[in-house]
Every structure is written in C-alpha cells, then in structure tokens.
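Single-structure report; data block below.
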Amino acid sequence: MPEDNISIKGIHHIELLVGNAKQAAYYYRKAFGFSQIAYSGLETGNRNSTSYVLSQGSIRLILTTPLNSRNWISKHIKKHSDGVYDIAFHVDDVDYCFEKAIERGAQAVLKPHILKDSNGFAKRAAIHTYGNTIHSFISTNNYSGDFLPHFEKKIYKEDSIGLRFIDHVVGNVEVGKMSQWADFYSNVLGFTNIIHFTDKDISTKYSALMSKVMENDNGRIKFPINEPAQGVKKSQIEEFLDYYGGPGVQHIALLTDDIINTISRFREQGVEFLHVPDTYYENLESRVGPIKEDVSIIKELGILVDRDEEGYLLQLFTKPIQDRPTLFYEIIQRRGSKGFGQGNFQALFESIEREQALRGNL
Ligand code: FE2
C-alpha cells in the first residue's frame, strides 16, 4: 500500500438511477423499511431530476429519476434500466483523494466542487469505475444539515426492519476483466485483495464465475468483483451483463443483527427471495455445526448458513428487484465469520439457475 494512501472513511451513500423514483421510494419504504429523510426536485429548484433520500441504520440510498428525455440520466436508464450509478465514498479531503486517484490512473467524472446551502458546504468530486458506475468522494466536515446541500428535509418515518449498514457491494465485469478492476482498486484506491475465488471454488454443473474481494484500509468497504467463467451453459454473470448492457453492480449486501426478524418482516412485506430447496436443511447442523438459531425457523424462512474458522454467517438473497434480471439484495447476519458464504455457493447457484432457466436464459 502506498504511503500517501487515499483514506476513505466508509460509504457515504449509494445512488440508484430509476425509471420512477416516486414509486421506487415507496417500495424501499414499505417493503425494505427505509425512512425517507430528504428530497430534491422541481420544488427545490432542481429542473432536471428528482431524488429521494432513504435511510435505515447507517445505510443511505438516493433514488434519482430524470424529468425529461434529454438528460444523461435518461440515457443511463435506457441502457441499463434501474441500477446503481454511484457508490459514494465519505472522505475528509476531496481534493487530495481526487488528485491522487487521477494521478494513479482513474478517469475523472466531476472535478472537486463546492455544494452550498444555509447549513454550510460540502465538497464533491467523482471518478469512473467499471461500466457506467462511478465513485464520488464527499466531504461533509463543514456541513451541519441532515444529508447534503440542495436537498430539502422531507420525512416519511417507517419502522426499521433492522438493516444496519452496507456489508459489501458486488460488481460484475466482463470475461478477463476481474483482475484489471481488482488492480484498479488496489493501485488507485489502496484496497487489498482479501479473497480470490477461482472457477473451481464457484461452479455448478452449468455455470461458473470467478471473484476477487477487495477491501479498503479500515475494513469498512468490501467490493467483490465477479467475472463469468466457462461452464456448460450460460453463467449468471453473463446473463447480468446481457440485461444490464455491460458491467455494473450485481448486488448490495445489507447487514442485520437479527436475520430472523428482518427476513420475517421482508416476507410479510412482500419481498421475494431465492428459493432454497428443502434438502439444503437436511443435516444442516452436521454440515455447519451448532447454531444459536432455531433450525426449523431458519428453514421456514429459507435462510442459508455457512461456517468458517472464525464463526458462521446467515444470509439470503432477494430475487432481482426490477424486471430485468440484474440488481438484487443480500441480507446477511455475521456471527464471527468474515466470509461471503462460499459453502452456500453450490446450493445458491442451483437456485439461481432454476430461476435463470425459467427466464429462458440458461
Ligand atoms: Fe454477497
């Protein structure tokens, strides 16, 4: 790691570009338990787009939609449909981060600039990453408002379902590009490669993928990067690339401390999850060892369990949350394990493939 490392405190927010932000915001509130905290649109002087800011635990999402067909957001949506545009980093020194990133080969999106309102000012710059995805650098050291300048407070309080923070964000890139993007995160942003899954680790009868997990220096940001690998049939990563129109964010993992409560609430609120076959739960505890949770409830809710040397984790994956089979969410609870559920890959991918076959894409 270079000495003059870019220091990132964490993820400030994730911005999604969507076809109808008003309805998407309602879905995230009523199905995911996010509260709305801020708004930007015509009423606040924003002539081009409307944004809703949603919050739960320390997770903040911005849902943005264009107000006409001429602006760049419309092009983004035409190509990708709903998806993640910006994984924004919270930093202290935007100028330094931007300058160093550019010096080390990053492509600029936005030069450092000041955003100001009556609560003070924030600073923002942005660089490109894979596909049409970007990373903003944001500093709010001189800002006392609830979110960022140019957003108005507009609150719809919802009942939290226990989501606390963003555990990891996974990017899908083209064949042969995984290592290139892993190098980007290590050379430009000073991340470390903590895990490398080869196609031998992650493959089923049909489809395979490879993955490198990149982590920032304080461990708060984890970015696995996947590329498709050769299988008998089409890899799930290839299906994503086809429907997203290129590389992009495949899933966002949200952490909870009580997955039983969180998944119960999700299911009550109509969110669909990948189906886990009953056979997965036969001899579960002999495979993963004893767990604190009641196995019959885990089975009823379709939650997956995996163990490594440090402990275990519980996880579950939503179906894609828009009509294109692209972005989905993972819900994860960690009981010591810092892994990603490698032991579940087989069961999980068979489930993903069943859905892929139903879509006629396998
Ligand atoms: Fe994940």
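All ligand and atom numbering here is 1-based and tracks the order in the structure.
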Inset, instruction - Kindly write out the residues that satisfy side chain to side chain donor-acceptor pair (under 3.5 Å) with Tyr39, not counting sequence neighbours, or none if the list is empty. - result: Glu43
Legend entry - With sequence neighbours excluded, residues passing salt bridge (charged side-chain N to carboxylate O under 4.0 Å, His left out) with Arg60: none
Inset, instruction - Mark yes or no for whether Asn283, through its side chain, and Ser286, through its backbone, hold a donor-acceptor pair below 3.5 Å. - result: no
Inset, instruction - Tell me, please, whether Tyr280 has Arg287 positioned over its six-membered ring: NZ or CZ under 6.0 Å from the ring centre and within 45 degrees of its axis? - result: yes
Inset, instruction - Below 2.8 Å of the Fe ion (ligand 1), tally up the protein N/O/S atoms for me. - result: 3
Inset, instruction - Could you list who else is in Ile114's hydrophobic cluster, with ILVMFWY side chains joined at under 4.5 Å, directly or through other members? - result: Phe121
Legend entry - Sidechain-backbone polar pair: Asn193 side chain, Ile195 backbone, donor-acceptor under 3.5 Å: yes
